[in-house]
Amino acid sequence: MKALMDASLSASDSVTISSKLGAIDEKSLDSEALLEALKSSVENVPPHTMFPVVCHKFVHAMGPDTMVPAQSMDAAHDLDLLKVVLRKTKRSYLFWEKVKHTVLDFHLQSLLQNSHVVLDVPSTTKEFCQFNPETKYSLDGKLGVQLMKALMDASLSASDSVTISSKLGAIDEKSLDSEALLEALKSRRLDMTNMVVRQVIESTKQSVSLCIVKDLYVVQKDAEIKRVQTLEEDMDIKEKVKVAPADVDEKVHFDKTGDIVVPGGTPIAFKVWELKVKASDGSITPMTLPKGQGGFLGNLRIDYTDTVDTEKKDNPGHKFVADILNPLVAMPESERGALISSIKTVMASQAEIKRMEHLLSEVEAGDFKETSYSEWMTNSSLDENVFRTILTSTGFDIKDGTLQYPSPPSGVLTACAYVFGALDEFIKRELEQLISCEKEAGIALVEICSQAIGGESIIALPESSTVLAKGTAGRDLAESLGFKINEANNTVTAPSQLTKTFENSYWILYAFFK
């Protein structure tokens, strides 16, 4: 009666309702499919980021030149002694290489001829150290974007920082006996017909070699990694670790605060021996020296002599840099100025440096696919024009909303890939030093760095008294690189050892000021 709103009707009356609705369809989700989809969404939770952040911290503290950090919890559980690791060289600089290590799902024995014969090498386990740091991370740093995604805290911004408590406790070192391993490999051969070996040896996109896990650094007991949220100087609130639901991988427990439990026995870092392999017979030579260069000698059809590629050694270091960066240096002044200005803007954010380096590396390796430009820009924290300048200068085309890549990569793209690859190695303070360096000082620094790389120890620099005067940004940068400036006779003493930071700085200074 309320619905009809007819004042002439009373409670004693009756009405007839005609409902000609026709056929009624039922639309419902398939229950089993829905459960499967929900299960899949849980199983496909992205790798947790706080774990690799702590692994990188451990390696930086304990062995930056010898250890490789575990890249994720999943990759860590794949690690084992004698496990095969793929070593890809993304690009070679003067004295170092930018490399990536990928753990394969194979032990070395499965890739050998007569794989049924056990490769028996004794191992030892001993306590290596205690590792319980509380570390403050800038969300604008190298791992800032990944940390923000892992923490899933909408209140955080790139200008914030978070403190991560990683109470890992005792770390054990598990090591294969070096002499026994050398003896065991002396009479073994790699199976050159193995599908894995063939895929590696026939790769032409990047320099690839095989390594084996020689040492592992594992958490002795169950440990926890958690975010420490500081509200006031004297008051910390530590969020508790919650146990994950039963249908989530029991190896990893986490909630949206980003806390994580690391089971005892989980590797957080490892060391490798790179292998040099003759393609003609599969004979193996482990590279036991720190700078030992492995790889394949020859291929499945042609066998080359036991020589090392000396192309880089034939060229003076400064010529090698000049050859790579010349396309950038030779750009019209206005275009080059706009590009350098945009690169300097990106230098204010380590996370954006890493994002650009990753993009250019993908194009270099032939792994980049066309993508939506708006989606790519979604993850950016800087002005769109900054990236548009860099992308168009390096040969990208933004067409119909799609970011299309140059094929083959342009010379400017390769030059910028080296530049961003070097920038990715700096800490924030070093980046600020480079940004603040003025043109005249930069030109002088390019010259003295070039002579130092060429082997000069005492370098004459008539302009040092003005452009590298005390208190200037150029002088501070020169001294941080190890130069000693003698103002009395206008000479510069080169550093006794050319560090990785020195080389990285030379690449940037050359690109900016040559």
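The chain is numbered in sequence order, starting from 1.
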Does the Gln350 side chain pair with the main chain of Phe426, one donor and one acceptor, at a distance under 3.5 Å?
-> yes
For the pair Lys500 and Glu503, evaluate salt bridge (charged side-chain N to carboxylate O under 4.0 Å, His left out) and give the outcome as yes or no after the intermediate values.
-> CA-CA 5 Å; Lys500 189 175 180 180; Glu503 181 187 349; over 6 Å; no
Does Asp424 use its side chain to pair, donor to acceptor, with the backbone of Phe420 at less than 3.5 Å?
-> no
Beyond-backbone contact of Glu425 with Trp96, side-chain heavy atoms, under 4.5 angstrom = yes
Is any side-chain N of the basic residue among Lys354 and Glu357 closer than 4.0 Å to the acidic one's carboxylate O?
-> no
Any idea how Trp507 and Tyr418 line up, ring-wise: parallel (<30°), tilted (30 to 60°), or perpendicular (>60°)?
-> parallel
Taking Arg188 for its side chain and Asn114 for its backbone only, find out whether a donor-acceptor pair lies under 3.5 Å.
-> yes
Result for side chain to side chain contact (heavy atoms under 4.5 Å, CB included) between Cys416 and one of Leu325, Leu359, Leu360 points to Leu360
Residues, nucleotides or ligands: over 12 heavy atoms within 6.0 Å of Lys57 NZ | no
Give a yes or no on whether the backbone of Ala417 and the side-chain of Glu364 come within a donor-acceptor separation of less than 3.5 Å.
-> no
Would you confirm whether Ser166, through its side chain, and Pro133, through its main-chain N or O, come within 3.5 Å as a donor-acceptor pair?
-> yes
Name the one of Thr285, Leu190, Val121, Leu119 that satisfies side chain to side chain contact (heavy atoms under 4.5 Å, CB included) with Leu185?
-> Leu119
Crowding at CD, Glu127 (>12 non-hydrogen neighbours, <6.0 Å) = yes
Judged by atom type as modelled, is there a donor-acceptor pair below 3.5 Å linking the side chain of Asp222 to the main-chain atoms of Gly264?
-> yes
Has the side chain of Lys98 got a donor or acceptor atom that lies under 3.5 Å from a matching backbone atom of Gly421?
-> yes
Assess whether side-chain hydrogen bond (donor to acceptor under 3.5 Å, both in side chains) is satisfied between Asp281 and Ser283, documenting all intermediate values.
-> CA-CA 6 Å; Asp281 61 2; Ser283 58; 3.0 Å; yes
Using atom types as modelled and distance alone, determine if a side-chain donor or acceptor of Ser110 lies under 3.5 Å from a backbone N or O of His107.
-> yes
